[in-house]
Structures are given as structure tokens and as C-alpha cells.
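Each chain gets a letter, A, B and so on, in the order the sequences are listed, and its residues count up from 1.
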Amino acid sequence: MIYEGKQKIWSDYQKDIPDDHYFYVRSCIRQSFFPASEATFLDITRNRLGKDIFETEHHTTCGGIAYHSDTIPQETVMTIIARQFALMAKHGYENYVCSCITSFGLYCETLETWREFPELEAKIRENLWKSCKLEFAKPKFLIHASDLIYKYRNQIAAQAVRKLVNVHTGEPLKVVEHIGCHYSKMFPSKGVGGAEYPYVLVGMIEAWGGEIVDYPERRHCCGFGFRQYFIKGNRGYSLSNTHKKFESMEPFKPDLIITNCPGCPYFLDRWQYVIAESTGKTYGQDGHGIPALTYEEVAGLVMGYDPWDLGLQTHQVGVEPLLDKMWVEYDPAKKFLGKNGKDLGAPAPCACLK
Amino acid sequence: MTPLLYLLAAQAPDPEVIDRIPSGFSPFVLPFTIGVAFMFSWIGVGLIRLLAAIPKSDRIKFAKSLFIPKTALKNIKDLFCDCLFHVKIWQRKPLLGYMHSAIAFGWFMIIILGHIEVALFVPARLNVTRGGLFYPIFYRYFVWMNPGHTTLRGAFFFFLMDFFLLYILSGIALAIFKRFRSIVLGMRHTTKPSLADRVALYSLWMIFPLRLLAESFTADLSGGSFLTVPVNHFWHFLFGDKLWFMPTWWAYSICLGLFFAAMPFSRYMHILTEVLWILLRNAGIEPNHPRKGVAEAEIYACSSCGLCLDACPMNVQKKNLKYSSVYFIRFLRRHNEKKINDIADKCLMCDKCHALCPVGVNAPALRRAQRATVNNAIPFDYSYLSTASGSTLAGETHATLGTVRGGTGASLCEASGGAERSEAVARPRVLPETATGKVLYFAGCMTHLTPRIIKSVEKVFKAAGVDYVFADREGGICCGRPLMLAGRKEAAAKVIEANKKMIEESGCDTLVLSCPICLKVFKEEYQLQGIRIVHYTQFINDLIASGKLAVKNTGEKIVYHDPCELGRGCGIYLEPRAALGQVGTLVKASKEYDESICCGGSLGSLTLDMKDRGKISESSLDSLLANDPQTIVTACPLCLKTFSEAVSNSKGPRKDVKVKDFAEVICG
Amino acid sequence: MKNNILIIGGGPAGLESASQLQRMGYNVILIEKSPKLGGHLAKWDRLFPDSVPADEVLGGLLRGAEGVKCFTDTDVRAINRLDKSYNVRLTNGITVLSDAVLVASGFDLFDAVKKEEYGYGVYDQVMTNADLEAYFKTGTDRRIENPGKIGFAHCVGSRDEKAGCRSCSKVCCATAVKQAIEMKQAFPNAEVFCFYMDLRLFGRHYEDIYLKAQKEYGVRFIRGRVAEVSENYDGTLLVKAEDTVAGKPLKVTLDLLVLMAGMRPSGVGKAIGDLLEMPVEEDGYFAVRSGIAASQRSPIPGIFLAGAATGPKTLPETLADARAAAMEVDRYLTEIFPDAKNYKQLVKERW
Amino acid sequence: MVDFGFGLVPSSRINLDLFDKDKYRELVKIEPDARICMACGSCTAVCTAGKFVHTSLREAIEDILNAKNDKALESLQACQLCGKCSMVCPRGINTRHLILSINKVYSAK
């Protein structure tokens with residue numbers, strides 16, 4: 001691998017990310033999968049970096065799940081999106097930051113479509129007025145939340161209490177980065193680093209002291225694929241996708257997977273459990289899995305957040321070996337305590353996955 | 001004959017011949033005796049092994065055949081014609097025939113006459129215990145002629161012995177000459193002798209000159225005639241009164257011994273095996289294994305004469321000589337598996353070597369048997385052939401097949417033929433029960449690649465008002481012959497079964513085929529009771545002869561190519577020529593009838609490549625174009641396609657020669 | 001009077017037309033931007049289809065052009081069109097008053113880095129056709145160390161609208177087959193795969209080398225474009241394509257992947273074209289007066305074109321084009337140019 | 001092991017790394033024409049057996065190269081060796097011998 005070659009490509013795919021004043025929109029499924037991630041994001045940006053991030057309880061889903069499952073007309077989706085944008089404008093913001101990759105892709109797609117077909121934009125403008133009495137607006141900058149963390153990666157590194165380093169060996173942790181497909185595969189120019197060698201997560205890992213693993217199936221989808229997962233009969237395809245990725249990264253012995261999409265950490269995490277329990281195969285050390293974390297969780301770890309506050313207990317693959325490697329102190333007894341301090345109860349132990 | 005000889009003997013009361021050596025033995029006979037004893041024991045054991053390897057039913061059949069008068073007569077005729085007189089070689093190459101018969105018949109006569117002499121003059125010596133094995137051979141050494149008591153009878157034998165010795169010597173002289181200048185005897189290629197062959201060959205060359213030498217040395221003692229006596233005088237003139245003759249008799253005996261000792265390992269084994277082979281062949285027993293049982297007799301009956309070398313169309317290229325039948329048989333004898341397979345697979349199966357073989361060795365059949373040992377085991381699945389039945393398909397096949405009645409039905413056929421074409425089912429086509437045509441035309445796979453044949457045949461049929469059904473208009477299944485040629489007899493049986501069913505269900509009484517490959521297998525393997533199987537050349541010739549089809553003679557110069565499977569394969573040579581004679585002027589090819597050269601496109605060969613096939617096509621064209629015809633006519637789709645391509649790919653004036661199918665020429 | 005003719009570009013087209021025009025008695029000035037004459041030909045080792053050494057062909061071209069005033073390391077600084085002639089200022093300080101300008105600016109090899117998914121410049125074991133020719137010339141390349149499995153990806157930057165080129169580069173198929181054979185000759189035990197979309201082996205003897213590659217060298221031809229390349233743990237490449245004949249996706253591990261970079265319009269040529277205000281077509285190559293009847297004439301009078309400046313060409317096509325351009329220049333300078341009175345009328349009628 | 005009601009789906013991808021070099025070498029030794037197919041499909045189009053069941057020499061050659069040896073044998077098992085394919089092959093491949101050879105080499109375990 002020639003690092004300079006990748007740097008050259010990265011330099012071709014840089015995007016403008018504004019410095020402050022963001023309108024933040026949450027992800028539907030992240031809030032249930034990894035709710036602490038978004039909270040951590042807001043805490044880091046607001047309290048650690050001192051940025052102005054506004055969010056409103058009035059925003060809705062972007063309609064992406066329905067859209068990709070072919071259950072909603074495109075015009076309806078676009079009107080929902082137009083409403084989101086209008087809310088942003090109503091509150092005096094023009095930098096739209098979304099937490100979800102599906103949304104990000106859909107926003108990019110919608111903005112491009114409006115650009116190509118102004119008559120469609122006009123129609124949506126009308127729809128929006130008719131249905132919500134809101135003024136149509138488009139964001140000046142469309143940013144994914146990971147773009148922001150990428151932008152402030154060095155500031156985060158400056159505030160970090162630890163690095164992505166195995167304290168027992170002194171070696172940097174080997175990290176697999178995995179971007180959501182809709183981050184830059186549809187519009188390579190909209191993502192930091194493009195589609196072929198996306199840099200958004202790589203930049204974070206490099207800044208925080210880890211080592212990137214470039215494995216053959218890095219481009220491959222995590223296996224979410226809306227219709228593949230939603231219909232049980234197709235779920236085998238979803239599983240096989242994930243399996244292919246793990247088989248490919250296995251020889252590199254990664255310590256950690258970092259992702260920037262709602263679905264990816266979930267499927268890369270849960271399917272490891274399914275693969276282990278149905279075939280007996282595990283990919284981490286000594287029968288463990290490979291933790292698949294969100295970028296907020298990784299940022300939180302290096303900045304010294306408590307792992308249970310970061311919600312790492314919601315992962316199926318145990319994170320303890322990783323925490324040990326990074327010398328993160330944690331109280332095993334508190335792992336399954338709720339926010340209110342009540343015991344949520346530990347899940348039943350797995351037969352194969354440690 | 002013997003009483004007559006005794007009548008002659010009655011004229012001489014005193015013994016004419018005196019047993020010169022009372023013991024009836026001399027050490028010089030040992031080499032011969034050992035050699036010949038070795039040979040006979042070898043052959044004896046071999047014969048028992050061979051007979052044991054023949055299935056019991058065949059053995060009984062063989063034994064019975066010897067007592068069937070008709071077969072017995074044929075056996076006698078064949079033994080004399082094939083083994084002694086070499087009639088088949090005479091017919092093709094007289095000088096070569098003379099050579100072979102001089103050696104074979106001459107030697108045979110010398111042995112017979114030698115024994116008669118012993119029987120007449122010293123009958124006691126015929127007893128094996130008193131030297132019967134060698135005494136008749138060295139008769140002249142052991143006896144002393146009683147001077148003054150010579151009878152006409154003795155002189156008669158002296159004359160005959162000298163005559164046949166001279167006869168043999170002339171053959172030997174030709175044989176030696178042939179080694180160096182074979183072309184004079186009509187052979188372009190001769191076989192490469194093996195080591196044993198060489199030993200036997202050089203011994204054979206030496207035997208008769210040495211016999212002349214030995215007998216001439218003793219001619220003043222034991223008598224002689226026009227050859228030995230003058231030579232004896234010459235020796236006396238040269239060496240004086242006393243001749244030291246022992247070395248000559250030793251040399252003669254050693255050469256004979258060497259020859260017989262080498263014989264089982266050499267081509268000369270054929271001299272004796274041929275007899276057995278002729279008997280087995282005439283008994284109608286076929287080989288079921290390429291080198292055991294009957295096949296063993298067959299391969300040892302090969303005299304390695306090399307006539308198949310020139311016969312083989314592949315040998316237009318010298319590099320292919322090694323694939324000739326004679327070498328195939330040689331390697332079968334030596335059990336050289338690798339080479340056997342290579343050679344077996346290369347052959348075009350044109351059958352010319354078989355047609356020309358003086359002893360009728362069927363090398364193509366042996367090659368097929370060899371291919372079977374390898375290819376029969378290959379797993380194939382023909383279950384799809386049995387899924388169709390006549391009744392299930394009757395409804396939709398009716399339209400597709402298109403029954404044609406006379407000339408008026410033509411449009412019906414074309415109209416309905418196309419209508420359901422798209423519904424061609426994924427099952428073998430079976431004729432409808434309602435088909436009324438008594439004539440069934442089966443084009444075959446290859447004919448479908450030469451649509452002009454189909455078109456012309458149909459045109460002829462319509463012109464002659466033939467009520468026919470086209471069995472495989474939409475394509476059928478293979479006839480099975482290609483599978484047989486590849487040695488896959490069991491697989492072929494399945495294909496044959498499926499086709500047979502289709503034909504029997506058609507209710508036809510005449511089956512017309514345009515492909516000779518199909519014709520051969522339909523005739524030999526299908527056993528279609530009550531159905532006349534004819535080639536379209538025969539059928540069309542009949543139509544012309546009976547006046548049903550009118551043809552016009554254009555005077556075009558035509559040469560007819562005999563397709564291998566039609567000519568040598570089915571013996572059809574005359575009908576196509578008779579019909580073609582009505583539409584044009586037939587000219588001769590330099591090789592025709594059973595000597596016709598394969599077009600090169602044969603399905604028989606498994607391994608021959610395009611380039612080599614091209615060379616064969618060229619040589620076949622050379623033969624066909626010997627008398628400048630305007631048109632080459634053939635009656636096989638494979639030959640047609642091969643020649644068409646060869647002509648269009650060739651350079652010079654040859655490009656202008658037309659290549660046409662038989663039916664195409666007939667319908668003008 | 002000897003007319004001055006300026007030839008821009010010292011590759012095969014420029015050299016051949018210079019040689020022809022000099023023979024006709026013109027005063028030929030040839031400029032070449034790089035330090036060496038010969039263009040891409042100078043960097044090539046052997047030429048398809050008969051593997052003729054490139055040096056031999058180039059030597060012949062250079063001998064033919066002996067006596068021509070050649071300025072290497074020289075570019076055009078400015079061009080003024082006078083009444084009929086061109087006043088050309090060169091970067092070496094010389095000014096040429098030229099009666100005709102022949103643009104033989106050739107082509108650039110497609111920059112394979114742009115096909116990011118193939119990883120040229122990122123993966124250790126990916127190289128281009130030009131790199132491989134350099135290896136054949138010098139015998140060294142860090143990427144080539146007894147490779148066991150070698151792939152050739154056809155159509156890199158050709159027939160690829162995303163790479164900015166819809167058309168076929170004409171020479172890559174034959175080059176790939178040639179190089180595949182040469183690699184088999186160098187490494188007889190290697191397995192060689194060619195990934196093609198269509199094998200465009202249109203020229204004389206081209207089909208022969210295809211057959212030779214299959215028959216004698218056992219090169220495997222797979223119909224399907226290389227879609228993506230990745231690097232395995234051991235540094236080997238994982239190549240994915242579809243075998244479109246089998247209708248199935250396919251993967252293979254390779255030790256070396258050679259990208260058949262196609263032809264793109266010359267960047268330097270484009271700059272000169274801009275100075276001359278020469279029109280270019282959608283594909284980026286210079287427009288000609290008529291693609292069939294006048295393919296060596298630019299729409300601008302007095303400006304001629306030869307070789308790959310007007311689209312991908314094989315070497316023999318380039319040389320024939322160069323000779324044709326020389327004839328066109330000669331016709332212009334004898335029939336149209338000298339007639340000062342009717343010049344404009346003649347240009348209208350005969351250009 | 002737990003049954004989740006779904007599981008890994010076998011890949012249809014061709015893996016050229018599984019290509020059996022030794023067997024192919026054996027095949028090419030007895031029938032070098034195996035190498036020169038250009039996948040035109042003439043053989044499949046005229047196939048006598050192909051009218052009834054799927055039969056394709058073109059595919060069989062492809063399958064061997066794509067490390068699907070068993071599938072290659074399957075594509076040929078209905079062949080009647082009639083030889084039509086050899087007549088139409090533009091490269092002059094000795095198709096009948098190739099079919100027999102593929103069977104010989106690849107059905108031997």
C-alpha cells in the first residue's frame with residue numbers, strides 16, 4: 001500500500017465544513033440502537049468544543065427507511081425533507097447537520113434532484129406551503145455529524161486523555177473504518193476523501209493515534225440493505241454480506257471497527273453474534289468478537305468518558321478486552337445499571353461468543 | 001495322386017534311393033530342430049490360450065463351422081487364395097502378388113514335395129522317432145542316389161524341387177529388391193521392421209540361397225535337376241573332385257532355426273496364424289476385445305505387408321505413417337497402451353485398410369474395440385431420450401412434421417411447418433400416428449448443416465410424386481453411429497432405441513436416408529423389421545429407372561466421390577453412378593470405388609486436427625480431379641461440406657470446380 | 001522560394017511528416033516540448049503485432065528526418081496570424097514566420113490514478129502498460145519479481161464516460177495481448193488473465209497474436225471489465241470482475257495487475273490549440289475539416305493535423321496520416337498559398 | 001448451535017484461485033484445442049442434444065476455467081457425439097475429442 005497515493009486522492013476530495021452554528025437532526029434508529037452516541041456528540045460539540053448546535057423537537061424522520069423500502073412516493077419524501085429544511089431556516093440556521101447516513105444520502109439525492117429538475121422543486125415548495133404553511137429553504141451546507149467530528153479531530157486529540165494505543169504493547173490499535181454506503185458512494189464529492197478511500201473516519205483514527213486497516217472487502221456494505229434485513233426470508237443475504245467482510249478483515253487482526261452510520265455498527269455487531277452462535281466462528285481474540293463502535297463512542301473513549309455513559313454496554317460484542325487494551329477504567333458492576341441506577345438485568349450468556 | 005506315383009515306382013525294382021546315413025541323424029540338424037520345436041510349442045500354448053479366451057458360445061460356433069460344407073469349402077478356397085496364392089495382392093499389384101505367392105506357395109510346395117519324396121523313397125523316416133521332424137527337410141543330405149537306377153519318377157521330383165526352389169528364389173530376389181526400391185512393386189511406403197522382424201527377414205532371405213548352395217554341393221550324390229546339377233558341376237570345376245559340403249548344410253540349418261525361433265516375435269507369425277484367422281473369420285466370430293481371443297488371431301494374422309500404409313488417407317503426410325493399421329497391430333502385440341490409444345483415436349475409420357488387407361484384418365473394428373475400453377466408461381445421461389412417447393406428442397407434431405402428398409401438398413407442408421415452430425418441445429420428436437406416408441425421410445444431424453441437400457431431396461420427391469414424411473424436419477436425435485465410432489457402444493444403444501421407436505411408430509415401409517453415416521448404423525444395428533432402408537442415391541436411382549422421375553442430361557463432366565460409409569461401409573457404388581450417368585458425363589477419379597480416398601471430414605477420427613484433415617482433403621481432391629471434371633458430386637453431407645470448404649480454400653483453377661450433392665445434381 | 005513549415009510535436013507523426021516535407025524541398029522546423037524526439041514511441045520496447053523493436057522503427061524515422069531543424073525542450077510562447085502566415089514565437093527565443101503549421105501533438109496516456117478503484121499509485125502491485133514497457137526496456141521494476149498470476153485490465157480510461165472518455169483507444173487490446181505474451185515469455189509458469197469488454201483486434205495479424213496467446217501461451221481471456229481491486233494481507237491483489245460469458249461475478253488473486261491506460265487528447269497540444277484557436281470536438285481531440293475527405297486539415301486555413309492529435313491511431317495509421325498531411329501541406333502551398341490575389345477565394349473553394 | 005431461521009447464503013461468485021491447474025494441464029496435453037475457444041457459442045447453437053436438455057461445450061470450457069469442474073461435466077452429459085459442433089466451430093476445435101477428453105480427465109476422481 002502506497003500511503004502517498006492515498007493522500008493524493010484525499011486531497012482531491014475535501015469539502016467545506018462551516019465553523020459554527022449548526023442545526024442538528026437526529027437519526028430515527030440510532031436513538032434506539034445506540035442512544036448515547038448522539039448525546040455524546042452534543043456534549044462534545046457544545047461543551048467541549050463550545051459550538052452552537054441547535055435542535056428542535058419538531059423535526060421528524062427524513063422518510064428514508066420508507067423510501068428505500070419502496071413504500072412512499074418520492075414527492076412525499078421530498079416534502080418531508082423540505083419541512084426539515086424549512087424548520088432549520090425558521091430558526092435562523094443554514095448549516096444542516098444530520099446524524100444519519102441514510103438521511104444524509106437522501107438529502108444529497110434530493111438536493112441534486114431539485115437542481116436537475118427545478119419544476120420538481122417548485123412543486124415541493126408548493127406542497128410544503130399547502131401542507132405546513134412553511135417557507136421553502138435549502139441549507140447552505142449539508143454536513144454529516146461525522147464531518148464535524150472529523151473537522152475537530154485535532155482539537156479532540158488535544159483534549160484526549162488517552163490514545164488509540166494498546167498500552168500493553170505500545171502498538172497503535174488496528175482499526176477498521178467503515179463508512180455508511182450512502183455517505184459518499186452515491187456522491188463521492190460530498191464525502192471527505194471520496195468513495196474509494198474515504199477519509200472522514202481515517203482522519204479521526206490517525207489523529208487519535210490508531211492504525212488503519214485496509215482490507216480487501218472494505219468497500220462492501222455492512223449487510224444492512226433495507227429490504228435484505230426487513231424481510232426475514234432475505235436475512236441470510238444480509239448475514240452473508242457481513243460474513244464476507246469479517247472473513248476478509250480477519251487476517252489483519254483488527255482491534256476495533258469504527259463506523260459513521262446508524263445501521264453499520266448495529267449489523268457488524270449483532271451479526272457477529274449470529275455468525276458465532278450459528279457457525280461457531282468468532283473473529284476477535286480468544287473467542288471474542290471485534291467491537292464495532294460509532295465514531296462518537298470512540299471520540300468519547302479517547303476523551304475520557306465513562307464507557308457505560310457512552311452506552312458501550314448496548315453492544316452485543318463485549319468491549320471489555322478493548323477497554324483493557326486502552327487502559328480505560330470501568331466498573332463491571334455498573335455495566336447493566338440504568339440511568340436511574342436500577343439494574344436492567346444482564347443478558348443471557350452466549351454459547352460461542354465470549 | 002499317390003497311387004499314380006507308385007505306378008511310376010513299379011518300373012524300378014531296385015531301390016532308387018539309399019539311406020546314406022544309417023542313424024538318420026547329423027548334428028547340423030540341431031539348430032533347425034530346436035528352432036522349429038520352440039516355434040511349435042510356442043504356437044501350441046498360444047493357441048490354447050487364444051481359444052480359452054473366446055467365449056464358449058463362440059468356441060462351439062467355431063467348431064461347428066468347420067463341418068458346415070459351405071463354410072468348409074470357403075475355408076479351403078480362402079486358405080489357398082489368401083495364404084498361398086495371395087490373390088488379393090495379385091489383383092491390385094501383380095508384381096507384389098507374384099513376390100508373395102512365390103515365397104508362400106513355393107515354400108509350401110517344397111515342404112509338401114519333400115515329404116512326398118520321403119514317403120515314396122524312405123517311408124520309414126516319416127516316423128517322428130526316426131527323424132521325422134527334420135528328415136524331410138534335409139532329405140537331400142541323408143540320401144544317396146543309386147546310380148543307374150534313376151527313374152522317371154525320381155527325375156520328376158528332382159525337377160519339381162528345383163523348379164519350386166527357383167520360383168522361391170525369384171520371389172526372394174524381388175523381396176530384397178523391394179526393400180530398397182519398393183515403388184517398383186507399387187508400394188510407396190513399406191513398414192519399418194522390428195528387431196525380430198529383421199532377424200527373421202534376413203534369415204528368410206538366406207534360407208533359400210543356402211538351400212540351393214547345400215543341395216548343389218550334394219547334387220552329385222543325392223541327385224538334382226536343371227538348377228542344382230549345373231551348379232554342382234560348377235563347384236567341381238572350381239574346387240575339384242572332393243567337395244566339403246558340411247558347412248553349407250550347417251548354414252542352411254542355422255538359418256532355418258533362426259527363422260523359426262524369431263518367428264513368434266516377428267511378422268512371419270502370420271504364416272501360421274492366418275490359417276486360424278481365416279477359419280475364425282469364416283465362422284463369423286467377431287472380436288469383443290481389442291487383443292484377446294479372436295482379436296489375437298487377427299492381429300497375429302497381420303503379415304505387416306504394409307499395404308495399409310498406402311491405403312491410409314492420413315499418410316499423405318509422412319508424419320502420420322505411425323498411425324497406420326500395421327503399427328496399430330504391432331503395438332497391440334506389444335501391449336504398448338499409450339501408443340495403442342493414440343493410434344486408435346487418430347484413425348478416420350474410412351475402412352480402406354480393411355478393404356485392401358490381403359488377409360482381411362479388420363483394423364477399424366479393432367480400433368473401435370480399443371476406443372471402447374477407454375470411452376465406454378464415461379458417464380453420460382440420456383434419460384431425456386425416453387421421456388417422449390408417440391401419443392403424448394401426436395397432437396402438436398402433426399402440424400410440424402407436415403405430411404406431403406405428391407406435388408400438391410407442398411404448400412401445406414411449408415405453411416404448417418412454420419406455424420408451430422416456436423413450440424418445438426424439449427423432447428425427442430415422435431411421429432404422429434396419423435402420418436400416412438409410407439416413405440420416411442430421415443435427414444440426420446449433419447444434413448441439417450447442408451440445407452441444400454434437404455432442399456434438393458424434397459424437390460426430387462415432389463417432382464416424382466413421392467408420398468413421404470420428413471421425420472426430422474425440426475431436427476431429431478443422432479443416429480448413434482458417431483457414438484459407435486467413438487467406441488461408446490452402450491451409449492449408442494440408447495440413442496438407437498429412441499430413434500427406433502420413432503421409426504417403428506411411423507408405420508413407414510421405406511426409410512430413406514441422405515447421410516451414409518446414418519445409413520450404415522440403421523442397416524447394421526437397428527434391426528427394423530419389414531422396413532426397407534435405402535440411401536437416397538438408391539431411392540432416386542430407382543425413381544429414375546422406373547420412369548417416375550424424368551431427368552435431363554446436361555453433359556456436365558462429373559466425378560463421383562464414394563463416401564467411405566456408403567461405399568466401403570455399405571457397398572453402394574453402382575446406384576449413384578447409374579443415376580449420375582443420366583444427368584451428366586461421368587469421369588473417373590484416380591482412386592475410386594473401394595479405393596476412394598476419404599474427404600478428410602470423417603467423424604471417425606477423434607484426434608486428427610484441422611490442418612491434417614485439410615491435407616487429406618487436398619489429396620482426395622487430387623484424385624477426384626485427375627480427369628478434369630467440372631463438378632464433384634458426393635452423396636454425404638460431411639463430404640459435401642468438407643469438399644466445399646477445401647475447394648473454396650484452395651488456390652488456382654481448382655477454385656472453379658463446383659462441389660454438389662447428388663440430389664442437387666439430379667434435380668438440375 | 002522555400003516555404004517555412006512549422007511542425008509542432010516530435011513524435012512519429014511529426015518526424016514522418018517532417019521527413020516527407022523536407023524531401024519535397026520545404027524548409028521544415030520541428031519543435032518538441034520534451035528533451036527527446038520520438039514521443040511515446042521512444043518509451044516503448046516492442047510493437048504489436050510482430051514485436052518489432054520500437055527503437056528500430058524510431059531509428060528509421062529519425063534517419064528520415066535528418067537535416068530538419070529540430071528544437072527540443074521547446075514550446076510555443078505566442079502565435080500571431082498574419083495575412084496568410086503565422087508568426088510563431090518559441091520559448092527558446094526564436095521567432096518563426098511559418099507559411100503552414102502542422103500540429104502533431106499526439107496524445108497523453110490516460111492517468112490511471114483517476115480510476116481510483118484500480119488503486120494505481122496506491123496498491124504496490126498495480127502498474128500500467130507504459131510501466132511494463134519501461135520494465136521490458138530496462139529489465140527492472142520493483143513490482144515484478146517472478147509473478148505467479150498476472151492480470152491485464154483492458155479499457156482503462158477508454159469506453160468509460162466516468163473517466164471522461166466514451167471512445168475506444170484502438171491500441172490497447174493488441175498491446176495487452178502482446179504484453180501478455182511477452183510476460184508469458186519472461187515468466188513461463190505464470191498464469192495470465194486478460195479482462196476485456198470486447199476484443200477489438202481489427203488489424204492485420206492482430207487475430208493471429210490473439211490465437212497465439214491462447215494456443216501457445218495459454219493466456220486466459222475473461223470477458224468482463226475489472227470492477228474493483230483491493231490489496232490482500234500479503235500484498236497480493238484481489239481483483240473482481242464479472243465473467244459476462246458465464247454471467248457470474250468472479251474474483252481472483254493476482255500478483256500483478258497491468259492497467260491498459262488508453263489515449264487521451266494531449267494536454268500540451270490543447271494549450272497550443274488554444275493559442276491557434278483550433279476547435280476541438282466533444283471528445284477533446286482537434287476537429288478536422290472533414291472526417292472522411294479532409295482529416296488532415298484543420299478548419300483554420302494553413303493549419304494541418306497529423307497523428308493522434310485527431311483521435312486514437314495505431315502507429316502505421318499515424319505514419320500514413322503523417323504522409324497524407326505532408327501531401328495536403330504541399331497542395332496548399334503550391335495551389336492556394338502563392339496566389340495572393342485570389343487567396344481568400346481559393347481558400348473558400350478548396351480548403 | 002442456534003437456528004435463527006436464516007443463515008449464510010452460498011456465494012455464486014467464481015473463485016479463480018480454486019482453478020485446478022493440474023487437471024487442466026492434463027486436459028490440454030491430450031487436447032490442446034481446449035485453449036483456443038473464443039466463446040462464440042456456435043457449438044451450443046447447433047447442438048443436437050441441446051434441443052432437449054441444456055448442453056453446451058462453450059459453457060463446459062468456461063466452467064473448467066472457472067473452477068466449476070462438476071458443472072462442466074453436467075453441461076456435457078447429454079452429448080450424443082454427433083459432431084455437428086465440430087463442423088461449425090470457427091476455430092476448428094476438435095470438439096468431439098475435447099468432449100471425450102473433458103469427461104476422461106474431469107470424471108476421474
Check: Given the options C:Gln214, C:Lys149, C:Glu242, which has more heavy-atom pairs under 4.5 Å with chain D than any of the others?
Finding: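 Between C:Gln214, C:Lys149, C:Glu242, the count favours C:Gln214.
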
Check: When you look at C:Lys215 and D:Val28, which way does the side-chain contact (heavy atoms from CB on, under 4.5 Å) test go after all the steps?
Finding: CA-CA 10 Å; C:Lys215 199 175 180 173; D:Val28 168; over 6 Å; no

Next item on the list: Answer yes or no: are there more than 12 heavy-atom neighbours, outside C:Lys114 itself, under 6.0 Å from its atom NZ?
Entry: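 Counting neighbours around NZ of C:Lys114, 12 or fewer heavy atoms of other residues, nucleotides or ligands fall under 6.0 Å, so no.
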
Checklist line | Within 6.0 angstrom of C:Arg142 CZ, more than 12 heavy atoms from elsewhere | finding: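 Yes, the 6.0 Å shell around CZ holds more than 12 heavy atoms from other groups.
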
Notebook entry, point to check: Which heavy-atom pair separates C:Leu250 from D:Arg13 by the least distance, and what is that distance?
Noted result: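 For C:Leu250 versus D:Arg13, the nearest heavy atoms are O-NH1, 3.7 Å.
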
Item checked: Contact summary for C:Lys248 and D:Ser12, nearest pair of heavy atoms ->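 So the two residues come closest at CD-O, 3.3 Å.
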
Margin query: Within this structure, what is the CG-CD1 distance for the pair D:Leu65 and C:Ile222, rounded to the nearest 0.5 Å?
Written below: 8.0 Å

Check: Hey, mind stepping through C:Asp243 and D:Glu62 against side-chain contact (heavy atoms from CB on, under 4.5 Å) and telling me if it holds?
Finding: CA-CA 9 Å; C:Asp243 182 339; D:Glu62 188 84 14; 2.3 Å; yes

Margin query: Any heavy-atom pair between the side chains of C:Glu207 and D:Met38 that's under 4.5 Å?
Written below: yes

Checklist line | Beyond-backbone contact of D:Asn66 with C:Arg220, side-chain heavy atoms, under 4.5 angstrom | finding: yes

Next item on the list: For the pair D:Asp17 (side chain) and C:Thr253 (backbone), establish whether a donor and an acceptor sit closer than 3.5 Å, ignoring hydrogens and angles.
Entry: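 Confirmed, D:Asp17 side chain pairs with C:Thr253 backbone.
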
Checklist line | D:Arg91 to C:Tyr210, cation-pi by 6.0 Å centre distance and 45° axis angle | finding: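 Relative to the ring axis of C:Tyr210, which defines the angle, D:Arg91 lies inside both limits.
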
Next item on the list: Take C:Val252 and D:Phe19 through the test side-chain contact (heavy atoms from CB on, under 4.5 Å) and record every step on the way to the result.
Entry: CA-CA 10 Å; C:Val252 61; D:Phe19 170 63; over 6 Å; no

Check: In terms of side-chain geometry, is the basic nitrogen of C:Glu191 or D:Lys21 positioned less than 4.0 Å from the acidic oxygen of its partner?
Finding: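 Here C:Glu191 pairs with D:Lys21 in a salt bridge, since their nearest N and O are under 4.0 Å apart.
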
